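Everything on this sheet refers to the single structure shown next.
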Amino acid sequence: MYHSDTFNDYEDKKISTTSATFGLLRKELISNLGMKRAKAFLLRYGWNLGVANAKEVLQNPTNLEEMLSKGGELHLQTGQISKMIAERTLKTDEQGRVAYIYATGKWIDSFEVNEHLKNHGLSDHPVCHTLAGLGSGFTSLITKRKVFLKEIRCRAMGHDECCYEMRLEEEWQDDPEMLEEINLYNESSFIDELNYTYEQLLDQKNYIEKVSTFHDTLTTKLSEGDSVDELLQTVSQTLDLPVTIEDLNFQARMYEGIDQEAYELLNQDFLNFISRTRSGKIQSAAYHKTFIIRGKMHNRLVTPIVVQNQAIGYMTFIYIDQSVELEKDMMFLQRAANAAALCFLNEKTSLEAVENMKGYFLEQLLLKQYSSQSSVIYRGYYMGIDLKEPFYIATLQLTSNVRDTSNIEFHDEVIQSITRYLEMQSYKILITQFEKQIVLLLPKVDDFRFKLENILQHLKNQFRLTEFRIGISDECESIDNITESLEESQIVLKINNQDSIILFENANIIGTLINSKNMSSIRRKARKELQPILQLKEAKRDELLKTMYVFLMNGGNLQQSISDLSLSMSGLMYRISKIEKLLNKELRNPIAAYELLLMLDALKILGDIDVSGLPKNV
């Protein structure tokens, strides 16, 4: 069992070697086999040395105590230690067989410690494996019992000396650590270790070949022009796994090897284990590398799909059997994600050309540079947009304290980000830069507002130091009204400067009255009527404009106006008198008050005056 017959089949010849040479051998064993397997080899090596020494002693047998004492002498003769101190208790039965043996001892100046410290530094575990094996093998053959030494203190661990205990095998049953060490004596020979290493290398070679074949298959599919859907089908069938491609919110855009009902059930299990912020948003930044999610019902292996250094989504392997080792499939997943990225890059290149066409097409619509409705509708079909169906025109407003949001290159980044995101959502739109703004044509769809919220959330995730707001026109049913719809989307952004999504249908009446045809006349009329106040110095001008606006909004209610403006009665009356004198109008006259309020609202919407800082009820 412990290789006691190792030396029976041939003449045993002694050879000598230096401690440095043995230290080098020991170092190479640890480097190539790892600490555990090197320990097993050294224990068995020591065991066989001990057995060989015991055989020499048994050629001239004496009493048991004398023969056991010669074990320490052999240690000293080989130079493995410089001194040995031991105490032993031995009991035999009536037939002279060993019934009990227990010993403690110290190895002084262990050569194994010196070599280990030189080559590896301090250790977390004892390192005198050859000495322990030698003592175990020698004693076991002499006593004809299975006896094992355990090193309990070691200088390589920083202790002041190397100490051991010796017991019969059955006496170690309450020591799990020693039982594990005893099992190392039972392991295969060094030749078997080499065979094991070879098998591991062979397995690794076969694995690499399998991955390489998998990669070649995907490359062939790409060269044949397969779509992402077809690529996903190939991956799923080759690996016999459910595979998905998901957007940055971990919502599946396509999946293979699993039906919709099963996917939605498992996806909820998956989302329960995704890291989120305190507000409940998914922490996308935490998932920039391959990762594993272990749910209650299934496990997932997930990696980002990166196109031009930007993650556009995720590829996922789904494992219903939770006992499967996921790590072994990481290389397959990463190769598949790379292939998908190439596929998306090809599509992106084609998409950019199409998007440029779409952008130019939308610009032509906004400028009304087309000959007939029918030709425009036909071109819309070609681009995946049905212009006979209702749509909205939207204006996207960008603001930031740290970057120039009017920069054309930045607008291009935003447009590309929106395009890639909506492509994953299968929502086709038109988008372009128009008059230094980003303008979108959005077909009417179910959950329209939800889609808008997702677009803005995506942009916030991509451009964290930029604020995005979007103004939406009223529903447009004809391309002939597209210019008016553009004006509506721009006006609502001026009316409401707080909400991120502003719908024209919620705009006030003055907002609906302003358009490009009457904008200049309204501005001219309003500025003419309010000129006596507008020409005053800034502080005085703003003071009177604000007072007039609050007073008119309160319908001439003095008490409410005093409260809103934090003025005294005399202070308010003085300002009203001043305004009336400058404008030559009575603010309590309903007709005059109505006209003045419309003018103030119009200039406010057009951005000519700022009456911000007013109470919320104003």
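The chain is numbered in sequence order, starting from 1. Everything numeric in this text was worked out from a predicted model, so none of it was measured.
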Checklist entry - Can you list the steps and then say if H458 with N454 is a side-chain contact (heavy atoms from CB on, under 4.5 Å)? => result CA-CA 6 Å; H458 169 73; N454 282 346; over 6 Å; no
Checklist entry - Can you list every salt bridge (charged side-chain N to carboxylate O under 4.0 Å, His left out) pair that touches residues 429-456, not counting sequence neighbours? => result K444-E475, R449-E453
Checklist entry - So, does S236 use its side chain to make a donor-acceptor pair with the main chain of L232 at under 3.5 Å? => result no
Next on the checklist: For A340 versus I245, what's the shortest heavy-atom pair and its separation?
Outcome noted: CB-CD1, 4.4 Å
Next on the checklist: Please enumerate all residues that pass side-chain contact (heavy atoms from CB on, under 4.5 Å) together with L465, with sequence neighbours excluded.
Outcome noted: V402
Checklist entry - Partners of K540 by salt bridge (Lys or Arg N to Asp or Glu O under 4.0 Å), sequence neighbours excluded? => result E543
Next on the checklist: Please check: side-chain N/O of N267 versus main-chain N/O of Y263, any donor-acceptor pairing under 3.5 Å?
Outcome noted: no
Checklist entry - Can L387 and Q373 be said to form a side-chain contact (heavy atoms from CB on, under 4.5 Å), step by step? => result CA-CA 9 Å; L387 294 173; Q373 270 200 21; over 6 Å; no
Next on the checklist: For the backbone of S227 and the side chain of E230, can you confirm whether one donor and one acceptor N or O come within less than 3.5 Å of each other?
Outcome noted: yes
Item to check | Atom pair CD/CG of E224 and L231 - distance to nearest 0.5 Å | outcome: 11.5 Å
Item to check | Note, F551 side chain near I579 side chain (heavy atom, < 4.5 Å) | outcome: no
Checklist entry - So Q334 and N338, side-chain hydrogen bond (donor to acceptor under 3.5 Å, both in side chains) or not? Walk me through it. => result CA-CA 6 Å; Q334 289 163 356; N338 288 339; over 6 Å; no
Checklist outcome for this item: Between S489 and G471 the two heavy atoms that sit nearest each other are CB-O, 3.3 Å
Next on the checklist: Quick one: does any side-chain atom of D259 pair with a main-chain N or O of A262 as donor and acceptor, under 3.5 Å?
Outcome noted: yes
Next on the checklist: Check this for me: N584, atom CG, are more than 12 non-hydrogen atoms of other residues, nucleotides or ligands nearer than 6.0 Å?
Outcome noted: no
Next on the checklist: side-chain contact (heavy atoms from CB on, under 4.5 Å) for V376 and F361? Distances and angles first, verdict last.
Outcome noted: CA-CA 9 Å; V376 169; F361 178 53; 3.7 Å; yes
Next on the checklist: Between N249 (side chain only) and Q251 (backbone N and O only), is there a donor and an acceptor less than 3.5 Å apart?
Outcome noted: no
Next on the checklist: Is it the case that the side chain of D269 and the backbone of G295 share a donor-acceptor pair, with hydrogens and angles ignored and the cut-off at 3.5 Å?
Outcome noted: no
Checklist entry - Got a salt bridge between D247 and R253, using NZ or NE/NH1/NH2 to carboxylate O under 4.0 Å? => result yes
Checklist entry - Would N554 and Q559 count as having a side-chain donor-acceptor pair, cut-off 3.5 Å? => result no
Item to check | side chain to side chain donor-acceptor pair (under 3.5 Å) contacts in which one or both residues fall within residues 316-329, not counting sequence neighbours | outcome: E246-T316, N299-Q322, Y319-D329, D321-S323
Next on the checklist: Applying salt bridge (charged side-chain N to carboxylate O under 4.0 Å, His left out) as the test, list every pair that has at least one member in residues 377-391; sequence neighbours left out.
Outcome noted: none
Checklist entry - Below 4.5 Å, heavy atoms only, C-beta onward: do I562 and M569 meet side chain to side chain? => result yes
Next on the checklist: Would the distance check show the side chain of T244 and the main-chain N or O of Y255 forming a donor-acceptor pair, the cut-off being under 3.5 Å?
Outcome noted: no
Checklist entry - If you measure from CD1 on I455 to CG on L442, what distance do you get to the nearest 0.5 Å? => result 6.0 Å
Checklist outcome for this item: Between L572 and S561 the two heavy atoms that sit nearest each other are CD2-CB, 3.9 Å
Item to check | Of L367, L366, L365, the residue whose pairing with E363 passes side chain to side chain contact (heavy atoms under 4.5 Å, CB included) | outcome: L367
Item to check | Any side-chain heavy-atom pair of L441 and I393 under 4.5 Å | outcome: yes
Checklist entry - Does any N or O in the side chain of Q397 come within less than 3.5 Å of the main-chain N or O of R469, such that one atom is a donor and the other an acceptor? => result no
Checklist entry - CD of Q369: more than 12 outside heavy atoms within 6.0 angstrom? => result yes
Checklist outcome for this item: Rounding to 0.5 Å, atoms CD (E580) and CG (L587) come to a distance of 4.5 Å
Checklist entry - Taking the inter-plane angle between the rings of F250 and Y287 on a 0 to 90° scale, is it parallel (under 30°), tilted (30 to 60°) or perpendicular (over 60°)? => result perpendicular
Checklist entry - Are side-chain heavy atoms of L422 and I431 found at a separation under 4.5 Å? => result no
Checklist outcome for this item: Nearest heavy-atom contact between I429 and I418 is CD1-CG2, 4.2 Å
Checklist entry - Tell me, do F463 and S400 make a side-chain contact under 4.5 Å, heavy atoms counted? => result no
Checklist outcome for this item: All heavy atoms of S473 vs all of S485, minimum pair found to be CB-O, 3.1 Å
Checklist entry - Do K428 and I385 pass the side-chain contact (heavy atoms from CB on, under 4.5 Å) test, and can you show the C-alpha distance, the side-chain angles, and the key distance before you say yes or no? => result CA-CA 7 Å; K428 296 188 179 299; I385 305 291; 4.0 Å; yes
Item to check | Sequence neighbours excluded, every pair satisfying salt bridge (charged side-chain N to carboxylate O under 4.0 Å, His left out) that has a member inside residues 395-404 | outcome: none
Checklist entry - Between D412 and Q416, does any side-chain donor sit less than 3.5 Å from a side-chain acceptor? => result no
Checklist entry - In Å and rounded to the nearest 0.5 Å, what is the CG to CG distance from L440 to L486? => result 11.0 Å
Next on the checklist: When you measure from the side chain of T303 to the backbone of L333, do you find a donor-acceptor pair of N or O atoms at a distance under 3.5 Å?
Outcome noted: no
Item to check | Considering all heavy atoms, the nearest V306-A341 contact | outcome: O-CB, 3.3 Å
Checklist entry - Is there a side-chain contact between T395 and F434 (heavy atoms, below 4.5 Å)? => result no
Checklist entry - Take atom OH in Y574; do more than 12 heavy atoms of anything else shown fall under 6.0 Å from it? => result no
Next on the checklist: Could you tell me if the side chain of L530 sits less than 4.5 Å from the side chain of M548, heavy atoms only?
Outcome noted: yes
Next on the checklist: Measuring from atom OG of S500 to atom CD of Q457, what distance do you get when rounded to the nearest 0.5 angstrom?
Outcome noted: 10.0 Å
Next on the checklist: Checking the side chain of Q364 only, and the main-chain atoms of Y370 only, is there a donor and an acceptor separated by less than 3.5 Å?
Outcome noted: no
Checklist entry - Do F332 and L241 come close enough that some side-chain heavy atom pair is under 4.5 Å? => result no
Next on the checklist: Just verifying a value: how many Å separate K368 NZ and D480 CG, rounded to the nearest 0.5 Å?
Outcome noted: 6.0 Å
Checklist entry - Does any donor atom in the side chain of Q268 or N272 lie under 3.5 Å from an acceptor atom in the other side chain? => result yes
Item to check | Heavy atoms from other residues, nucleotides or ligands near OH of Y427 exceed 12 (cutoff 6.0 Å) | outcome: yes
